[in-house]
A.B. asks: 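One structure, as structure tokens, below. Some questions next.
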Amino acid sequence: MAMATIARRKASTFLTSRNLYSNTTGLKYSFFIGSRGFATSSDDNDVVVIGGGPGGYVAAIKAAQLGLKTTCIEKRGTLGGTCLNVGCIPSKALLHSSHMYHEATHSFASHGVKFSSVEVDLPAMMGQKDKAVSNLTKGIEGLFKKNKVNYVKGYGKFVSPSEVSVDNVDGGNTVVKGKNIIIATGSDVKSLPGVTIDEERIVSSTGALALKEIPKRLVVIGAGYIGLEMGSVWGRLGSQVTVVEFAPDIVPTMDAEVRKQFQRALEKQKMKFMLKTKVVSVDTSGDTVKLTLEPSAGGDQTILEADVVLVSAGRVPFTAGLGLEKIGVETDKGGRILVNHKFATNVPGVYAIGDVIPGPMLAHKAEEDGVACVEFIAGKEGHVDYDMVPGVVYTHPEVAYVGKTEEQVKSLGIDYRVGKFPFMANSRAKAIDDAEGIVKILAEKETDKILGVHIMSPNAGELIHEAVLALQYGASSEDIARTCHAHPTMSEAVKEAAMATYDKPIHI
């Protein structure tokens with residue numbers, strides 16, 4: 001069957017599932033279903049996008065490419081949203097820089113590369129990070145000009161379902177009219193009771209990306225993606241890092257077996273974990289920050305001291321000041337905007353994408369939302385399957401995964417097989433002396449259809465996309481196993497794990 005035919009069939013199948021979206025955690029989200037239509041007033045724009053983050057700017061560009069007159073409104077004054085300005089991009093820049101330093105101090109000598117001394121120039125490291133951000137934000141502005149997207153810098157709020165009032169960053173006010181308005185305002189840091197973020201000693205991820213000196217003791221509240229990544233940055237540079245997590249496990253969406261190996265890897269890097277622990281209060285009156293802790297289930301309290309505390313307990317939809325109540329847009333108890341399968345809200349002509357709606361709060365998910373939403377507005381068919389959205393933790397080793405965990409497969413009562421392959425048996429990993437990790441593949445027992453793939457390794461975030469494509473087209477583990485992979489490469493471990501799933505691997 002031709003791939004285009006398969007794609008159309010998959011899109012058609014998805015679009016008949018009007019009541020549910022699902023994500024990689026196995027949770028189901030209900031969406032509002034109702035009648036839809038374009039606003040009938042005479043408006044200046046076909047599409048107005050509120051928010052210039054990954055979802056918003058991609059939606060704006062796609063809309064313009066489809067021939068729709070488009071305006072994008074962004075309050076920050078620079079495009080790219082949290083991800084590019086104070087999230088994904090700067091954190092990856094610091095993760096790479098700190099990894100280079102760690103390699104220089106811990107691994108270079110064994111490869112025959114020796115230095116008399118190695119030191120951290122933190123201002124230079126921050127400068128490299130800021131340069132990357134600046135270049136990329138300017139690049140998006142260039143794409144806007146290329147695609148003729150009108151860019152308005154300011155804070156937008158609804159006046160009516162077809163009008164947005166913008167308080168411009170340079171003063172004054174502009175009213176932007178549109179037949180279709182897309183809310184793409186992203187998310188914000190989830191606050192904790194009794195913990196006030198000052199971005200100096202108690203910081204969010206934003207402050208953690210701009211510390212002026214390396215803290216001797218860093219406490220991270222929350223063992224999710226962001227907390228572990230930022231903990232890794234400062235741990236590599238010399239901080240004593242302690243992660244405090246209310247839940248019994250780190251990264252709850254991760255496969256349990258891989259999670260355990262991942263936690264051991266981080267502990268070998270001297271990262272400490274206090275699981276099943278909650279923060280009762282924080283005292284900043286002295287020279288150090290003192291956290292009062294107690295077991296999540298209750299019990300004796302203890303004091304933990306730190307120089308800097310990173311609050312990384314999750315994120316919440318950002319809709320403050322948008323005027324959703326004014327136009328009657330419906331939200332759920334968590335503040336997420338309810339949309340149907342076409343990303344339309346209950347208000348005709350108003351749509352929402354990305355972190356403000358249910359589903360994984362990931363930049364690449366928001367981008368897919370943006371493209372699909374605009375395609376629907378243009379009268380085409382859009383498609384996003386949240387079961388096929390990969391997750392990546394950009395520590396070292398990285399952890400990447402797509403599809404279902406073994407726990408989810410068991411809970412669904414599916415008969416399955418598991419194939420695993422350690423990177424200790426991978427030629428490329430051994431050659432570069434970086435062989436910690438594993439590939440784990442889950443497949444349906446009867447059909448061999450791949451259900452989930454989990455990778456812990458260097459560059460796992462790059463390796464996972466072979467698995468994403470395989471799941472997208474309903475491939476079997478044998479399909480991957482019988483596909484020639486170049487030697488020597490890290491990706492051979494994926495092939496071997498696939499061989500282990502449907503038959504037997506060669507190299508273990």
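If you read the sequence from its start, that first residue is 1, and numbering goes on from there.
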A.B. asks: Do the side chains of Tyr151 and Glu74 get nearer than 4.5 Å, heavy atoms only?
C.D. replies: yes
A.B. asks: Give the minimum heavy-atom separation between Ala470 and Ile480, together with the two atoms involved.
C.D. replies: CB-CD1, 3.9 Å
A.B. asks: Under 3.5 Å, which donor-acceptor pairs do the side chains of residues 89-98 form with other protein atoms, sequence neighbours left out?
C.D. replies:
unit_1	atom_1	unit_2	atom_2	d
Ser91	OG	Gly87	O	2.8
Ser91	OG	Cys88	O	2.9
Lys92	NZ	Cys88	O	3.4
Lys92	NZ	Glu229	OE1	3.1
Ser97	OG	Ala93	O	3.1
Ser98	OG	Leu94	O	2.9
Ser98	OG	Leu95	O	3.1
Ser98	OG	Arg236	NH1	3.2

A.B. asks: Is it true that Lys179 and Asp46 have a side-chain N and a carboxylate O under 4.0 angstrom from each other?
C.D. replies: yes
A.B. asks: From Lys153 NZ over to Asn168 CG, what is the distance, rounded to the nearest 0.5 angstrom?
C.D. replies: 11.0 Å
A.B. asks: If you look at every heavy atom in Ala366 and Gly354, which pair is closest and at what distance?
C.D. replies: CB-CA, 3.7 Å
A.B. asks: Just by modelled atom types, is the Gln408 backbone N or O under 3.5 Å from a matching donor or acceptor in the Ser411 side chain?
C.D. replies: yes
A.B. asks: Strictly distance-based, threshold 3.5 Å: is any side-chain N or O of Thr331 a donor or acceptor partner for the main-chain N or O of Ile337?
C.D. replies: no
A.B. asks: Work out which heavy atom in Ala498 is nearest to a heavy atom in Ser477; give both atom names and the distance.
C.D. replies: CB-O, 3.3 Å
A.B. asks: Just wondering, do Val49 and Ile73 contact through their side chains at under 4.5 Å, heavy atoms?
C.D. replies: no
A.B. asks: Going by heavy atoms in the side chains, are Tyr101 and Leu237 under 4.5 Å from each other?
C.D. replies: yes
A.B. asks: Does this structure show an ion pair linking Asp369 with Lys365, if we count only N-O contacts that are shorter than 4.0 Å?
C.D. replies: yes
A.B. asks: Could you tell me whether Lys440 and Glu406 make a salt bridge, using a distance below 4.0 angstrom between a side-chain N and a carboxylate O?
C.D. replies: yes
A.B. asks: Check the pair Lys410 / Thr405 against side chain to side chain contact (heavy atoms under 4.5 Å, CB included), numbers first and verdict last.
C.D. replies: CA-CA 9 Å; Lys410 286 180 179 178; Thr405 65; over 6 Å; no
A.B. asks: I'd like to know if the side chain of Lys69 reaches the main chain of Asn45, judged simply by a donor and an acceptor atom lying under 3.5 Å from each other, with no hydrogens or angles considered.
C.D. replies: no
A.B. asks: Donor-acceptor check, side chain of Glu199 to backbone of Ser204, threshold 3.5 angstrom: yes or no?
C.D. replies: yes
A.B. asks: Just by distance, with hydrogens left out, do Thr253 and Tyr401 show a side-chain donor and acceptor under 3.5 Å apart?
C.D. replies: yes
A.B. asks: Do His454 and Leu442 have side chains that approach each other closer than 4.5 Å (heavy atoms only, starting at C-beta)?
C.D. replies: yes
A.B. asks: Check whether any side-chain heavy atom of Val453 sits under 4.5 Å from a side-chain heavy atom of Glu466, and report yes or no.
C.D. replies: no
A.B. asks: Using only atom types and a distance under 3.5 Å, with no angle test, would you say the side chain of Glu407 pairs donor to acceptor with the backbone of Ala256?
C.D. replies: yes
A.B. asks: Would you tell me whether Thr71 and Asn150 have side-chain atoms, one donor and one acceptor, within less than 3.5 Å of each other?
C.D. replies: yes
A.B. asks: If you round to the nearest 0.5 Å, how far is CD1 of Ile181 from CD1 of Ile327?
C.D. replies: 7.0 Å
A.B. asks: Going through the checks in order, is the side chain to side chain contact (heavy atoms under 4.5 Å, CB included) test met by Leu463 and Ser457?
C.D. replies: CA-CA 9 Å; Leu463 297 178; Ser457 75; 3.6 Å; yes
A.B. asks: When rounded to the nearest 0.5 angstrom, what distance separates CG in Leu66 from CG in Asn147?
C.D. replies: 10.5 Å
A.B. asks: Is any side-chain heavy atom of Val164 closer than 4.5 Å to a side-chain heavy atom of Val175?
C.D. replies: no
A.B. asks: Could you tell me whether a side-chain N or O of Thr489 sits under 3.5 Å from a main-chain N or O of His485, the two making a donor and an acceptor?
C.D. replies: no
A.B. asks: Is there a donor-acceptor pair closer than 3.5 Å between any side-chain N or O of Asn346 and the backbone N or O of Glu330?
C.D. replies: yes
A.B. asks: Taking atom NZ of Lys177 and atom CG of Asp44, what is their separation to the nearest 0.5 Å?
C.D. replies: 6.0 Å
A.B. asks: Would you say Asp167's side chain and Gly172's backbone share a donor-acceptor pair under 3.5 angstrom?
C.D. replies: no
A.B. asks: Which heavy atom of Glu200 sits nearest a heavy atom of Val308, and at what distance?
C.D. replies: O-CG2, 4.2 Å
A.B. asks: Using every non-hydrogen atom in the two residues, find where Cys373 and Ile353 come nearest and quote the distance to one decimal.
C.D. replies: CB-CG2, 3.7 Å
A.B. asks: Would you kindly check if the NZ (Lys) or CZ (Arg) of Lys190 is within the cone defined by 45 degrees around the ring axis of Phe318 and under 6.0 Å from the six-membered ring centre?
C.D. replies: no
A.B. asks: Using 0.5 Å steps for rounding, measure from the NE2 atom of His99 to the OG atom of Ser232.
C.D. replies: 11.0 Å
A.B. asks: For the CD atom of Glu462 and the CD1 atom of Ile464, what is their distance to the nearest 0.5 Å?
C.D. replies: 11.0 Å
A.B. asks: With side chain to side chain contact (heavy atoms under 4.5 Å, CB included) as the criterion, how do Thr78 and Glu141 come out once you've worked through the C-alpha distance, each side chain's angles and the decisive distance to 0.1 Å?
C.D. replies: CA-CA 8 Å; Thr78 56; Glu141 287 197 37; 5.5 Å; no
A.B. asks: For residues Ile50 and Ile182, determine if any side-chain heavy atom of one lies less than 4.5 Å from a side-chain heavy atom of the other.
C.D. replies: no
A.B. asks: Considering only heavy atoms from C-beta outward, does the side chain of Leu310 approach that of Trp234 to under 4.5 Å?
C.D. replies: no
A.B. asks: Check whether Asp479 reaches the backbone of Ser476 with its side chain - one donor and one acceptor, N or O, closer than 3.5 Å.
C.D. replies: yes
A.B. asks: Dump the intermediate steps for side chain to side chain contact (heavy atoms under 4.5 Å, CB included) on Leu84 and Thr137, then the final yes or no.
C.D. replies: CA-CA 7 Å; Leu84 201 161; Thr137 55; 3.2 Å; yes
A.B. asks: Looking only at heavy atoms, what is the nearest atom pair of Glu444 and Ile414, with distance?
C.D. replies: CG-CG2, 4.1 Å
A.B. asks: For the backbone of Ile250 and the side chain of Arg259, can you confirm whether one donor and one acceptor N or O come within less than 3.5 Å of each other?
C.D. replies: yes
